[in-house]
Amino acid sequence: MEHNLYIYNTLSRRKEQFIPIHENKVGMYVCGPTVYGDAHLGHARPAITFDILFRYLKHLGYKVRYVRNITDVGHLENDADSGEDKIAKKARLDELEPMEVVQYYTNRYHKAMEVLNVLPPSIEPHASGHIMEQIDFTRKILDAGFAYESEGSIYFDVEKYNKKYQYGKLSGRNVEDMLETTRELDGQGEKRRSVDFALWKKAAPEHIMRWKSPWSEGFPGWHIECSAMGTKYLGAEFDIHGGGMDLMFPHHECEIAQSTAALGKESVHYWMHNNMITIGGQKMGKSLGNFITLEQFFCGNHKLLSKPFSPMTIRFFILQAHYRSTVDFSSAALEASERGLSRLMEGYSRLQKLTASSNSSVDTTGLRTKCEEAMCDDLNTPIVISYLFEALHGINLIHDGKDTISASDLEELKSVFTLFVEDILGLKPDNQASFEIEAYKHAIDLLLNMRLEAKQNKDWATSDKIRNELIALGFEIKDTKDGFEWKI
RNA sequence: GGUACUUUGGCCGAGUGGCUAGGCGCCGGUCUGCAAAACCGUUUACGGCGGUUCGAAUCCGCCAAGUACCUCCA
């Protein structure tokens, strides 16, 4: 395969050329949502980041298996000594079945991803559907001697593991330091060391979500689902594992330890982490309570939002920053993105209507290569977007008759725009044309043609009436040299 | 306290040694019966102090400010 895709590997802290384990095939695993609440802006970032990677790998010609899990068991509340997990707690508060809560938020997550034009992954495994695999994985770690049982729970023996392998390599920590600095938490009496983590947790009597295991009735630990499901669907070794930077430690560190302990080798070749979205310079997160849900963005229903923002604006806003940088949310920043996107998409539609000349006075060569190079440089979407804006400038000049383009250059330009705007960046016009919409468009055209006639008769009263009333209904009317354009 | 990282023009945000992205906004212009929109043009920045170099936003050192992780979090 001819390409020079470089991606930043958190393990080595540098960009590395991407070479898959199996030629022409890529396995990637990304940590998905915990479905006990609505997705917020922060959840959109990894979804979009790895959607871009998924799309780009496919564009390069790979057959990609993209696994993104749904976490519906196992994450402990920090105040829950009893080992009550988040799903169960929420369920009891709402007096719903746990799986009802899971289903509700999973559906809403899917809906949000769909409107963001995030492609569905190849496999979306639920943790609750892979209890057996997690038990088997835990048993492998026990058999390898890197875990111990304590009162019905199984814990990973970090100190022992660290003697043979290296615990902390991903996040740059060492066990000795951690033993000194880790805070004392409650409920750690069963563990030998504070750094040890649960692989299987015995359920307290009031705990709703529980499964039988060789050790106790309980539930799997915080990190085991990704090791178990990742290797189940992608193999003992696979190419890419992604997720948010906040999962680097402890979650991904523990995953590495689990997989290495169970399988004797590291599973993941490239670890990729997207940075956080901040709000007022601070991370947007559930625990800080400073998050804005995607639905609130779409409805404009939040005190920090000046207006509703379309899913494509959110997507574009995220793509305008590199995925490894923090990006600071503000209503003003989103408004800027909205205008930029609107201009880009109008130019894209304008491009479709350009007429070719016998030769080109604009230089469009190299756009495809430049965009490919930017994508190959660790998915540098902001650079791709900047090239598209530069090309947009040319499109506008041609549209204004100040420049010309040949038929073959026009075809190439259209092809590049379709490829990068739609296929790779996944941007699409917000108002998707449909059959009903066509009729309605014709009606508006009719009105505006009447206005045109009135104008020709210098009947300004009528022409202004039509324009003003349409504007009052939310339309934007633009007069052009020989007619009009409009949008809503 | 430990670890990792950040600091770019009015705002957002790329950029790792010379060619000094891009968007939004501002301002000027074109178009227009008026207006709006659109389009065109303009707007030169890299936290501070040293150092390396012919040359640094980019490398090194110190200082300052800020963030993340170390507990569930995308």
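Predicted, not measured: the structure shown is a model, and the values here were computed from it. Quick note on labels: first sequence line is chain A, next is B, and so on, each numbered from 1.
- Using a 4.0 Å heavy-atom cutoff across all strands shown, A:Asn396 reaches sugar-phosphate atoms only and no base atom.
- We find that CG of A:Leu392 is positioned 15 Å from C1' of B:A21, with the value rounded to whole Å.
- Within 4.0 Å (heavy atoms only), A:Gln282 reaches sugar-phosphate atoms of the nucleic acid but no base atom.
- Between the CD atom of A:Gln320 and the P atom of B:G22 there is a distance of 13 Å, rounded to whole Å.
- What separates CZ of A:Phe317 from C1' of B:G22 is a distance of 15 Å, to the nearest Å.
- Listed by first and then second residue, the ring-ring contact (aromatic ring centres under 6.0 Å, His included) pairs that reach into residues 37-56 of chain A are A:His40-A:His43, A:His40-A:Phe291, A:Phe54-A:Tyr66, A:Tyr56-A:His59, sequence neighbours excluded.
- Look at CG on A:Leu379: it is 14 Å from P on B:A14, rounded to the nearest Å.
- Judged by distance alone with a 3.5 Å cut-off, no donor-acceptor contact links the side chain of A:Lys402 to the base of B:C40.
- The base of B:C34 lies close enough to the side chain of A:Arg467 for a donor and an acceptor atom to sit less than 3.5 Å apart.
- A:Ser357 and A:Thr404 share no side-chain donor-acceptor pair at under 3.5 Å.
- For the C1' atom pair drawn from B:G10 and B:U53, the interatomic distance equals 34 Å after rounding to whole Å.
- Residues satisfying the ring-ring contact (aromatic ring centres under 6.0 Å, His included) test with A:Phe389, not counting sequence neighbours, are none.
- The neighbour count for A:Glu114 CD, taken as heavy atoms of other residues, nucleotides or ligands under 6.0 Å away, does not exceed 12.
- Within the nucleic acid shown, A:Ser325 comes within 4.0 Å of sugar-phosphate atoms alone, with no base atom in reach, counting heavy atoms only.
- In this structure, A:His223 and A:Phe197 have perpendicular ring planes: the angle between them is above 60°, well past the 30° mark.
- Residue A:Val30 is out of contact with every strand shown, counting any heavy-atom pair closer than 4.0 Å.
- Set against B:C69, B:G33, B:A74, the side chain of A:Lys286 has B:A74 as its closest nucleotide.
- The CG-C1' distance, from A:Leu294 to B:A74, rounds to 11 Å in whole Å.
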Check nucleotides 43-45 of chain B for protein N or O atoms closer than 3.5 Å to its own N or O atoms and list the pairs.
none

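- Taking the ring axis of A:Phe484 as reference, the NZ or CZ atom of A:Lys455 does not stay both within 45° of it and closer than 6.0 Å to the ring centre.
- Note: CG (A:Leu397) to P (B:C40) measures 6 Å, nearest angstrom.
- The nucleotide B:U30 finds its pairing partner in B:A38, both defining distances of the Watson-Crick or G-U wobble pair being shorter than 3.5 Å.
- The stretch residues 343-356 of chain A touches RNA chain B through A:Arg343, A:Arg350, each having a heavy atom within less than 4.0 Å of the strand.
- Residue-level contact check: A:Thr278 touches neither bases nor backbone, having no heavy atom under 4.0 Å from any strand.
- B:G17 and B:C27 are spaced 35 Å apart, taking the C1' atom of each and rounding to whole Å.
- One atom, NE2 of A:His273, and another, P of B:C73, lie 12 Å apart when rounded to the nearest Å.
- Every pair passing salt bridge (Lys or Arg N to Asp or Glu O under 4.0 Å) that includes a residue from residues 305-321 of chain A is listed here, sequence neighbours excluded: A:Asp51-A:Arg315, A:Lys307-A:Glu338.
- For A:Arg14, the CZ atom is loosely surrounded, since the number of other residues' heavy atoms within 6.0 Å does not exceed 12.
- At the heavy-atom level, A:Asn380 lies under 4.0 Å from the strands shown only through sugar-phosphate atoms.
- With C1' as the reference atom, B:U44 and B:C54 are 24 Å apart, rounded to whole Å.
- Nucleic acid contact for A:Arg339: sugar-phosphate only, since backbone atoms but no base atoms lie under 4.0 Å from a heavy atom of the residue.
- Contacts of A:Gly281 with the nucleic acid, taken as non-hydrogen atoms under 4.0 Å apart, involve only primed sugar atoms and P, OP1 or OP2.
- Within the structure, salt bridge (Lys or Arg N to Asp or Glu O under 4.0 Å) pairs that include any residue of residues 375-386 of chain A comprise A:Lys15-A:Asp377, A:Arg324-A:Asp378 (at least two apart or interchain).
- Counted by atom type alone, A:Ser171 and A:Arg173 present one or more donor-acceptor pairs between their side chains at under 3.5 Å.
- Between A:Tyr8 and A:His322, a ring centre-to-centre spacing not shorter than 6.0 Å is recorded.
- For the C1' atoms, the distance from B:C46 to B:A56 is 11 Å, rounded to whole Å.
- Nucleic acid contact for A:Met248: none, since no nucleic acid atom lies under 4.0 Å from a heavy atom of the residue.
- Here A:Ile477 lies in heavy-atom contact (under 4.0 Å) with a base.
- For the C1' atoms, the distance linking B:U7 with B:A57 amounts to 11 Å, nearest Å.
- Among the protein residues, A:Asp328 comes within range of the sugar-phosphate backbone only, with heavy atoms under 4.0 Å from sugar or phosphate atoms but none that close to a base.
- Taking atom C1' in both B:C26 and B:U42, one finds a spacing of 10 Å when rounded to whole Å.
- Residue-nucleotide stacking is not present for A:Phe389 and B:G23, judged by a side-chain ring centre under 5.5 Å from the six-membered base ring centre and planes under 30° apart.
- B:G15 and B:G22 are spaced 11 Å apart, taking the C1' atom of each and rounding to whole Å.
- Separation of the A:Phe156 and A:Tyr167 ring centroids does not fall under the 6.0 Å cut-off.
- In this structure, A:Tyr387 places its OH atom 13 Å from P of B:G23, rounding to the nearest Å.
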